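Okay, structure first, notes after.
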Number of protein chains: 2
Amino acid sequence: MNILFKTFINYFSINQQLTEQTKAEICTHLSVLNLDKKHILIKENQYHDFAYFVIKGAVRSYYLKDGIEVNTWFAMENEMVGSLNNFKDKPSRETIELLENSTLIAINFKKIKPLMFTNIQIANFVNAIIEDYALFLEDKAFSSQMLSSMDRYVLLLDKEPKLFQRIPLTYIASYLGISRETLSRLRAK
Amino acid sequence: MNILFKTFINYFSINQQLTEQTKAEICTHLSVLNLDKKHILIKENQYHDFAYFVIKGAVRSYYLKDGIEVNTWFAMENEMVGSLNNFKDKPSRETIELLENSTLIAINFKKIKPLMFTNIQIANFVNAIIEDYALFLEDKAFSSQMLSSMDRYVLLLDKEPKLFQRIPLTYIASYLGISRETLSRLRAK
DNA sequence: TATTTCATTTGATATATGTCACAAAAATCA
DNA sequence: TGATTTTTGTGACATATATCAAATGAAATA
């Protein structure tokens with residue numbers, strides 16, 4: 001099996017042992033992509049059949065508010081990117097763009113989804129991915145409701161230091177929900 | 001089968017037909033509760049084995065920030081309440097309290113969870129609940145990042161008008177992330 | 001390397017919202 | 001019912017952050 005596929009599969013099968021057959025079945029719907037910076041993976045308001053797993057590189061997802069890009073997250077090594085809306089057969093809410101030349105695994109969930117009703121291992125595999133995402137969203141909601149701008153900045157710096165090495169502060173400010181000027185002033189302290 | 005159990009099960013099995021046997025298996029781990037206003041269902045920082053489905057009544061979930069309660073959501077008829085953290089064997093982040101005398105279904109997910117690895121229908125049933133929750137969280141993150149206080153208020157009023165009939169504005173303000181005075185002023189317009 | 005574009009910082013000002021204080025209204029309870 | 005508690009509304013003021021403007025610094029490109 002492709003070593004990169006293995007990385008992806010292992011990442012979301014800590015709770016259960018997958019048979020070789022199931023792994024092979026999942027792999028049928030995976031492919032490796034090497035894409036350049038600025039490539040658009042997923043477009044806002046469109047239907048897409050794929051989610052992605054970052055092997056190497058960085059991506060951001062954002063949507064437009066009154067013509068201004070609002071960044072919602074940055075994914076790097078060993079993180080999933082995609083739209084839950086797409087997974088539920090609805091148009092994507094966000095645009096997903098590469099911030100670096102990246103290696104990704106494309107996951108054809110349109111093909112994998114129906115297998116959830118026939119292969120119990122796949123059902124639990126997909127479930128692990130979605131649970132993971134829900135926990136991420138909970139954290140996000142928590143910090144946006146509970147914390148001041150300063151505290152959100154400090155928390156992000158603590159939990160995701162690599163963001164600050166690889167992602168422009170303008171994007172990070174937008175993610176934190178503050179203007180880039182305010183972020184700059186917070187950092188000065 | 002208990003008619004209330006049926007309501008709950010039907011609610012999360014639109015995507016698949018459950019066999020009578022599976023339904024019976026799920027029901028083994030359900031029970032109906034009638035509890036009074038102010039009862040605490042789940043306590044912050046504690047481990048709990050149950051999630052709940054509201055048949056009738058209203059609950060709120062909140063956590064403490066510097067001694068002040070920050071409301072994170074209000075559930076009413078046909079909504080789930082619980083802590084994803086508890087589901088993942090971690091202590092709850094929130095406290096969940098009844099706002100009205102309510103009828104609830106208690107779901108012993110500690111017992112149901114292992115069945116996900118042996119009963120594919122149950123795996124997909126639980127998955128439907130978690131997907132639902134993730135979509136709710138996405139909406140929440142979206143509106144908190146994209147919308148002004150005023151727009152969040154208008155959106156909530158439009159999508160959940162019954163909240164405003166049954167939940168004190170103080171709690172709603174806290175949920176919207178603004179002071180009760182500001183909400184009062186927004187409403188005056 | 002020089003030139004252009006993009007990212008970050010800093011200053012001045014405007015604005016939305018928080019905070020404190022108190023009054024009015026509504027709900028709850030004895 | 002009357003008394004007490006809770007909820008909501010309004011005013012005055014403080015403060016954090018947005019916005020606008022401009023300068024500096026860094027990175028990309030010819």
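Side-chain atoms are counted along with the backbone in the values below, which use heavy atoms only and exclude waters and symmetry mates. Keep in mind that what you see is a predicted model, and the values were worked out from it rather than measured. In the text below, chain A, chain B and the rest are named by the order of the sequence lines, each starting its count at 1.
- Qualifying ring-ring contact (aromatic ring centres under 6.0 Å, His included) partners for Tyr47(B), counting only residues two or more places apart in sequence or in other chains: none.
- The distance from atom CG of Leu99(B) to atom P of dT6(D) is 15 Å, rounded to the nearest whole Å.
- Put simply, CZ on Arg187(A) is 16 Å from P on dG25(D), counting in whole angstrom units.
- Summarising the geometry, the separation between CG on Leu183(A) and P on dT17(D) is reported as 11 Å, rounded to the nearest angstrom.
- The rotation axes computed at either terminus of the helix from dT1(C)-dA30(D) to dA30(C)-dT1(D) lie 50° apart, taking five pairs at each end and rounding to 10 degrees.
- Hydrophobic cluster membership of Ile68(B), counting Ile, Leu, Val, Met, Phe, Trp and Tyr whose side-chain heavy atoms lie under 4.5 Å apart directly or via other members: none, as it forms a cluster of its own.
- The aromatic ring centres of Tyr62(B) and Tyr175(B) sit 6.0 Å or more apart.
- Under the ring-ring contact (aromatic ring centres under 6.0 Å, His included) criterion, Tyr153(A) pairs with Phe164(A), sequence neighbours left out.
- One interatomic measurement links the two molecules: NZ of Lys37(B) to P of dT6(D), which rounds to 11 Å at whole-angstrom precision.
- Within the structure, every pair that satisfies the side-chain hydrogen bond (donor to acceptor under 3.5 Å, both in side chains) test and touches residues 29-46 of chain B, not counting sequence neighbours, is listed here: Asn34(B)-Thr103(B).
- Applying the ring-ring contact (aromatic ring centres under 6.0 Å, His included) criterion to Tyr63(B), with sequence neighbours excluded, gives Phe142(A).
- Apart from Phe117(A) itself, the hydrophobic cluster it occupies contains nothing, where clustering links Ile, Leu, Val, Met, Phe, Trp and Tyr at side-chain heavy-atom distances under 4.5 Å.
- In this structure, the side-chain contact (heavy atoms from CB on, under 4.5 Å) partners of Ala58(A), at least two apart in sequence or on a different chain, are Met76(A), Leu99(A), Glu100(A), Arg166(A).
- First and last contacting nucleotides of DNA chain C toward chain A (any atom under 4.0 angstrom from a heavy atom, 5' to 3' order): dA7(C) to dA12(C).
- For Lys110(A), the side chain to side chain donor-acceptor pair (under 3.5 Å) test picks out Asp89(A), with sequence neighbours left out.
- Between Phe74(A) and Tyr171(A), the ring planes are parallel. Angles under 30° get that label, and only those over 60° would be called perpendicular.
- When distances run from any side-chain atom of Arg185(B) to the nucleotides dT17(D), dC20(D), dA12(D), the shortest one goes to dA12(D).
- Summarising the hydrophobic clusters (Ile, Leu, Val, Met, Phe, Trp, Tyr; side-chain heavy atoms under 4.5 Å, direct or chained), the residues clustered with Leu104(B) are Leu33(B), Leu35(B), Leu41(B), Ile42(B), Phe50(B), Tyr52(B), Val54(B), Val59(B), Val81(B), Ile96(B), Leu98(B).
- Nearest-nucleotide assignment on DNA chain C puts the 5′-proximal partner with Leu186(B), out of Leu186(B) and Glu181(B).
- Look at CD on Glu100(A): it is 15 Å from C1' on dA27(D), rounded to the nearest Å.
- Within the nucleic acid shown, Ser149(B) comes within 4.0 Å of sugar-phosphate atoms alone, with no base atom in reach, counting heavy atoms only.
- Across residues 164-180 of chain B, Pro168(B), Leu169(B), Thr170(B), Arg180(B) each have a non-hydrogen atom less than 4.0 Å from an atom of DNA chain D (numbered order).
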